[in-house]
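Below: the structure, in structure tokens.
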Amino acid sequence: MTQTEASSPSDFIREIIENDLKTNKHGGITATRFPPEPNGYLHIGHAKSVCLNFGIAMQYGGTCNLRLDDTDPSGESLEYVDSIINDVHWLGFDWGGRLFYASDYFEKLYQFAVELITAGKAYVCSLSADEIREYRGSFTEPGKESPYRNRSVDENLDLFQRMRAGEFEDGAHVLRAKIDMASSNVVMRDPILYRIKKEPHYRTGTDWLIYPMYDFAHCLSDAIEGITHSICTLEFDNNRALYDWIIEQLITGRRPRQIEFARLNVSYTLLSKRKLIELVDKGYVAGWDDPRMPTVAGMRRRGYRPEAIRKFCSIIGVAKNENLVDISLLEHCVREDLNEVAPRAMAVLRPLRVVIDNYPEGQTEEFEVPNHPQNQAMGTRKVPFSRVIYIERDDFHENPPKKYRRLGPGREVRLRNSYVLKYERAVKNEHTGEVLELHCTYDKDTRQGPPPDGRKVEGVIHWVSAEHAVPAEIRLYDRLFNVPEPAAESDDFLKNLNNGSLEILTPCYLEPSLKNAAPGSACQFERLGYFCADNKDSRPGKPVFNRVVTLRDSWQKISGQGTI
Ligand code: ATP
Ligand code: MG
């Protein structure tokens, strides 16, 4: 990616940075970081943060660190670390060797805590978790000081050291900052800095039995790495005072600054890790990379390209107010992106067999057709035609409704890239009346143009030659939830799952050029939408395709707002 590509329209964060550069506030340096906790896969909200942090670094000639914020052993794992590294790379960003782990700072952070205790700014508190909560007060009531608040420095140092040595059980003591129990900002009422947690850590094993809290670890990790602008989401607004307090006590010289922006919410999906984990663990989806998931891995498997995701992140911009972005905007970006780059092909999803009675038996013709209607550089391919073809079931109607421009009794249609086809008769199941097969005739003078006698035909339909068709499995994915805000009313978001979010069709028939489609490659099935060979299950000779996105926004049509 180039610097220009990474630049987005300006926003309040970029304004702050430009101003800081002008006033030489950070010595002309812009250093950001993307700090995911490895307790889940990255989702589209994280992608926004990735684009913002890495994009700013590229735009202003700065650096962006990838920091695994792994200070809480519960739920963290190497699998998540690997997926995060993979996904950030795939999104198109590079940290140039600046990959860090907050867990590498455990010793440094411990020493910082000792420094605070020595300065009389932190103490070991032995209240229970419930008591601490009770003593904290509320938005309207000031807090109450802990009876342990005035322990001597020596006693605190001794207890803290013994917490580290494993002498106490979980919850017996915590280390708290000594700030102000009457502060109007609840966060500042002697917040917890360290707790005992006798749980092995995926990297440090059992070396540590106490772990720093986010508020303590995060700002100091920023300072250790020389971060200038620590960009985070709005819910940390109240924590900024604590961020600054800790930095002020412990860091001299260059200090990082926290800036908050509104987190991304997208309609018809969820971006809470806890809820996404529940979907995976309870088997509502087939893993973190299920193509319906809003995860980077899911979107990649679905067939979204990083270009489309970056475009989306650039369009939605950065703001200070929470809002809900319509998922159709993301789908629009995906559609626009694929429209440019995806080669066209023909595939029949719900096949109806058609015998062309006047086409010579055993004959095959090969039509050379363009891979892209606008882009000649994408070349051509050969599509075979023969006496028996498949068309889409719903491209034939015995009693065509008004405005139906496809095949029916007495009608002719253009076969895409081929001849004009005329309906003759249908073969039906005598008991059910189901149409099993059509018999048609073709007009051999229509290969290159309209019928010479000037008669009009109905619309254009797609087809695949039966003899040459490649059977395939096709997975039609749709939105995961059937309401715009699945967790708005209650936490019972599972009741809003869209039962029709996956439909598997087999056998479908593809034109032969798709037989060995490379897993992960996308194309447009003409008239149907964009599809992508599944990056896990598709094999050369045995293709499996995912529907990436329809050609138009079909949900808009349903809700009656569209004009399609
Ligand atoms: P957790 O509840 O586990 O803290 P999280 O979504 O905050 O979940 P992190 O791994 O802490 O996950 O997030 C890493 C970075 O991504 C943070 O800087 C966070 O602000 C940012 N981020 C997370 N979710 C969103 C979102 N929906 N929109 C924008 N940025 C986000
Ligand atoms: Mg977080």
Side-chain angles (χ1 to χ4, degrees), residues 8 11 13 31-57 64-77 79-85 87-88 91 93 95 99-103 211-215 217-219 221-222 225 227 229-240 243 256-278 280 288 293-297 299 309-310 312-325 327 329-330 485-487 491:
S8 271
D11 51 62
I13 297 180
T32 59
R33 84 290 170 263
F34 172 62
E37 182 179 2
N39 61 352
Y41 278 59
L42 298 185
H43 54 58
I44 183 78
H46 294 117
K48 172 174 175 172
S49 179
V50 169
C51 289
L52 181 61
N53 281 293
F54 282 93
I56 282 174
C64 181
N65 299 353
L66 175 57
R67 181 197 312 146
L68 281 309
D69 196 356
D70 55 356
T71 53
D72 179 354
S74 322
E76 296 177 353
S77 76
E79 179 198 342
Y80 293 138
V81 171
D82 291 343
S83 75
I84 288 167
I85 290 177
D87 288 349
V88 176
L91 281 170
F93 298 98
W95 43 90
L99 171 65
F100 300 107
Y101 294 84
S103 56
Y211 291 95
M213 301 298 286
Y214 172 88
D215 282 322
H218 198 83
C219 55
S221 302
D222 283 343
E225 291 176 17
I227 300 302
H229 300 84
S230 179
I231 303 167
C232 68
T233 40
L234 225 48
E235 67 271 24
F236 292 102
D237 199 16
N238 288 330
N239 301 55
R240 188 182 347 113
Y243 186 105
R257 165 181 181 184
Q258 176 180 305
I259 306 170
E260 308 88 25
F261 71 102
R263 67 190 297 119
L264 170 65
N265 300 301
V266 180
S267 64
Y268 295 96
T269 192
L270 285 171
L271 299 180
S272 140
K273 266 192 218 165
R274 185 176 61 75
K275 295 188 176 100
L276 295 178
I277 287 174
E278 196 173 333
V280 172
W288 284 99
M293 289 284 271
T295 52
V296 174
M299 293 188 287
I309 297 173
R310 294 201 300 260
F312 171 73
C313 292
S314 163
I315 290 177
I316 56 174
V318 181
K320 273 188 181 163
N321 306 321
E322 289 260 338
N323 65 348
L324 184 67
V325 175
I327 197 170
L329 179 62
L330 175 60
E485 293 180 83
D491 231 22

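Counting starts at 1 for both ligands and their atoms, in listed order. It should be emphasised that the depicted structure is a prediction, and the values quoted were computed from it without experimental measurement.
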Specify the closest pair of heavy atoms between [X] and [Y], including all atoms of both residues, with the distance to one decimal.
X	Y	answer
His43	Leu276	CD2-CD1, 4.0 Å
Phe93	Phe54	CD2-CB, 3.2 Å
Glu322	Leu234	CG-CD2, 4.2 Å

Would you check the N or O atoms of [X], main chain and side chain alike, for any that come under 3.5 Å of an N or O of ligand 1?
X	value
Thr233	yes
Gly45	yes
Leu264	yes

Proximal candidate to atom 22 (N) of ligand 1 [heavy atom criterion; set Glu76, His46, Lys273]: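 That would be His46.
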
Do Tyr243 and Asp222 have side-chain N/O donor and acceptor atoms under 3.5 Å apart?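 There is such a pair between these side chains.
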
Within the 3.5 Å criterion, strictly below it, is a donor on Ser77 or Glu79 matched to an acceptor on the partner's side chain?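 Not at all, the side chains of Ser77 and Glu79 share no donor-acceptor pair under 3.5 Å.
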
Donor-acceptor pair, distance only, cut-off 3.5 Å: does the side chain of Arg310 make one with the backbone of Cys51?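 Answer holds: no.
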
Main chain of Glu37, side chain of Lys273: is a donor-acceptor contact present, judged purely on distance under 3.5 Å?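 Looks like yes, one N/O pair under 3.5 Å.
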
Check Glu225 with Arg67, please: is the shortest side-chain N to carboxylate O separation under 4.0 Å?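 Salt bridge flag = yes for Glu225 with Arg67.
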
By number and element, which atoms of ligand 1 are closer than 4.0 Å to a non-hydrogen atom of [X]?
X	value
Asn39	3 (O)
His43	24 (N), 27 (N)
Phe34	15 (C), 16 (O)
Pro36	10 (O), 14 (C)
Phe261	29 (C), 30 (N)
Ser49	16 (O), 21 (C), 30 (N)

Below a 4.0 angstrom heavy-atom separation, can you tell me which part of Ser272, side chain or backbone, both or neither, approaches ligand 1?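 Contact part for Ser272 vs ligand 1: neither.
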
